[in-house]
Amino acid sequence: MITDILLVLSLAVSGTWGMSNINKQCRDLLQCSIQKKCVNLPVLSRLVDGKNISAAMYDDIDKYTDYGCIFTTGCQDECNDCPLCLTSKLQIVDILSGEKSSNECPTLMDCALKCVSDSNQDIFQINKCLRQDCAFHCFDGSCPKCSGFITRVFNQMCAAGNFRQKVKGYSGPCYEMFHEIVHAKFADRFEKNGKTRGNSG
């Protein structure tokens with residue numbers, strides 16, 4: 001459960017670094033996520049094989065991507081060399097204690113802080129709130145650096161797992177595939193906000 005919290009909260013504070021810096025300084029981290037099996041590629045490859053893009057595909061990717069491993073246990077050195085990752089780890093403690101440590105991505109940040117403040121320190125409630133209420137704000141256009149980073153994580157697993165050849169009826173690039181997966185997951189919320197698709201990179 002804590003890995004999901006690390007993911008959403010680290011994304012909420014990730015906006016202080018430009019995507020060009022992420023590409024240069026965080027490449028090793030993204031590669032490490034595959035090499036150290038922070039992403040369970042065998043399971044994900046099996047789950048996407050022959051399947052249409054759906055909300056369930058998003059849920060599977062979320063379930064079998066261990067961000068605790070990416071940020072700490074599996075790729076700690078690579079994380080420390082990636083300003084986005086290192087800064088996020090240092091700021092997570094502040095957010096969990098109810099402190100707003102960044103003015104970037106205010107919608108996502110405010111949502112995460114509300115989850116923490118309303119949780120009565122219940123880690124399961126925080127996790128549920130972040131996944132159900134806040135994750136959408138990574139992709140609704142209000143925090144493009146968040147969606148950009150997550151798209152790059154997906155691109156790594158997509159390429160390594162040969163998803164383009166496995167997902168049924170899909171022949172486009174990996175980043176477009178992720179756009180479609182995000183839209184399938186949050187279609188109702190995009191429609192409610194007057195948008196037709198996600199902004200995921």
Side-chain angles (χ1 to χ4, degrees), residues 1-15 33 37-40 43-44 47-48 51 53-75 79 84-85 87-102 104-151 153-154 157 178-193 195 197-201:
M1 293 297 180
I2 190 64
T3 57
D4 300 302
I5 295 169
L6 288 172
L7 165 62
V8 178
L9 293 183
S10 63
L11 294 176
V13 298
S14 67
S33 70
K37 300 181 180 179
C38 301
V39 176
N40 193 332
V43 172
L44 281 175
L47 288 172
V48 304
K51 301 292 180 57
I53 288 173
S54 65
M57 193 172 288
Y58 176 98
D59 293 337
D60 288 336
I61 292 167
D62 179 43
K63 181 178 180 180
Y64 291 104
T65 303
D66 183 350
Y67 286 92
C69 173
I70 292 174
F71 289 127
T72 56
T73 57
C75 301
C79 180
L84 168 62
C85 185
T87 301
S88 297
K89 286 200 299 184
L90 295 175
Q91 292 179 326
I92 283 170
V93 174
D94 289 339
I95 296 175
L96 287 173
S97 65
E99 299 293 332
K100 189 170 184 177
S101 53
S102 172
E104 298 283 347
C105 302
T107 304
L108 180 57
M109 177 73 77
D110 289 344
C111 184
L113 287 170
K114 188 176 188 302
C115 287
V116 173
S117 66
D118 292 349
S119 69
N120 197 27
Q121 300 183 340
D122 183 335
I123 202 76
F124 295 100
Q125 184 61 37
I126 295 173
N127 174 65
K128 181 180 178 181
C129 178
L130 291 173
R131 295 179 71 179
Q132 292 187 356
D133 297 340
C134 300
F136 169 71
H137 298 303
C138 183
F139 308 111
D140 67 354
S142 66
C143 190
K145 291 165 187 172
C146 167
S147 60
F149 182 69
I150 292 300
T151 299
V153 173
F154 175 81
M157 68 178 77
F178 192 57
H179 288 181
E180 298 301 326
I181 293 170
V182 168
H183 176 259
K185 173 64 177 179
F186 299 110
D188 291 345
R189 295 186 70 176
F190 284 125
E191 183 176 358
K192 183 178 178 181
N193 285 13
K195 299 181 179 181
R197 64 179 298 145
N199 178 19
S200 50

Colleague: Got a second to check how far Ile61's CD1 is from Ile181's CD1, nearest 0.5 Å?
Modeller: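 Between Ile61 CD1 and Ile181 CD1, I get 4.0 Å after rounding to 0.5 Å.
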Colleague: Taking side chain as C-beta onward, heavy atoms only, is Leu44 less than 4.5 Å from Val39?
Modeller: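 With C-beta onward as the side chain, the pair touches.
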Colleague: Does Asn120 use its side chain to pair, donor to acceptor, with the backbone of Asp122 at less than 3.5 Å?
Modeller: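 No; zero donor-acceptor contacts below 3.5 Å.
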Colleague: Measuring from atom CG of Asp188 to atom CZ of Phe136, what distance do you get when rounded to the nearest 0.5 angstrom?
Modeller: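 Here the interatomic distance stands at 10.0 Å.
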Colleague: Which heavy atom of Pro144 sits nearest to which heavy atom of Gly141, and what is that distance?
Modeller: CD-O, 3.9 Å
Colleague: Would Cys129 and Cys115 count as a disulfide pair, i.e. SG atoms separated by less than 2.5 Å?
Modeller: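 Their SG atoms fall under 2.5 Å; a disulfide, then.
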Colleague: Taking the six-membered ring for Trp, are Phe190 and His183 parallel (under 30°), tilted (30 to 60°) or perpendicular (over 60°)?
Modeller: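 The rings of Phe190 and His183 lie parallel, inter-plane angle below 30°.
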Colleague: To the nearest 0.5 Å, what is the distance between NZ on Lys63 and CZ on Arg131?
Modeller: 9.5 Å
Colleague: Is there less than 2.5 Å between the SG of Cys38 and that of Cys75?
Modeller: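 No, the SG atoms are not under 2.5 Å apart.
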Colleague: Any side-chain heavy atom of Ile150 sitting closer than 4.5 Å to one from Phe139?
Modeller: yes
Colleague: In the structure I gave you, are the side-chain heavy atoms of Thr65 and Ile70 within less than 4.5 Å of one another anywhere?
Modeller: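 Answer yes - side chains close enough.
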Colleague: Who pairs with Asp59 by side chain to side chain donor-acceptor pair (under 3.5 Å), at least two apart in sequence or on another chain?
Modeller: Lys185
Colleague: Taking atom CD of Gln132 and atom CG of Asn127, what is their separation to the nearest 0.5 Å?
Modeller: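 Separation between the atoms: 9.0 Å.
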Colleague: Sequence neighbours excluded, which residues qualify as side chain to side chain donor-acceptor pair (under 3.5 Å) partners of Asp118?
Modeller: Lys114
Colleague: Within the side chain of Arg189, is there an N or O that forms a donor-acceptor pair under 3.5 Å with the backbone of His137?
Modeller: no
Colleague: What is the distance from atom CG of Leu113 to atom CG of Leu108, rounded to the nearest 0.5 Å?
Modeller: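 Result: 9.5 Å between the selected atoms.
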Colleague: What's the separation between atom OG in Ser119 and atom CG in Leu130, rounded to the nearest 0.5 Å?
Modeller: 9.0 Å
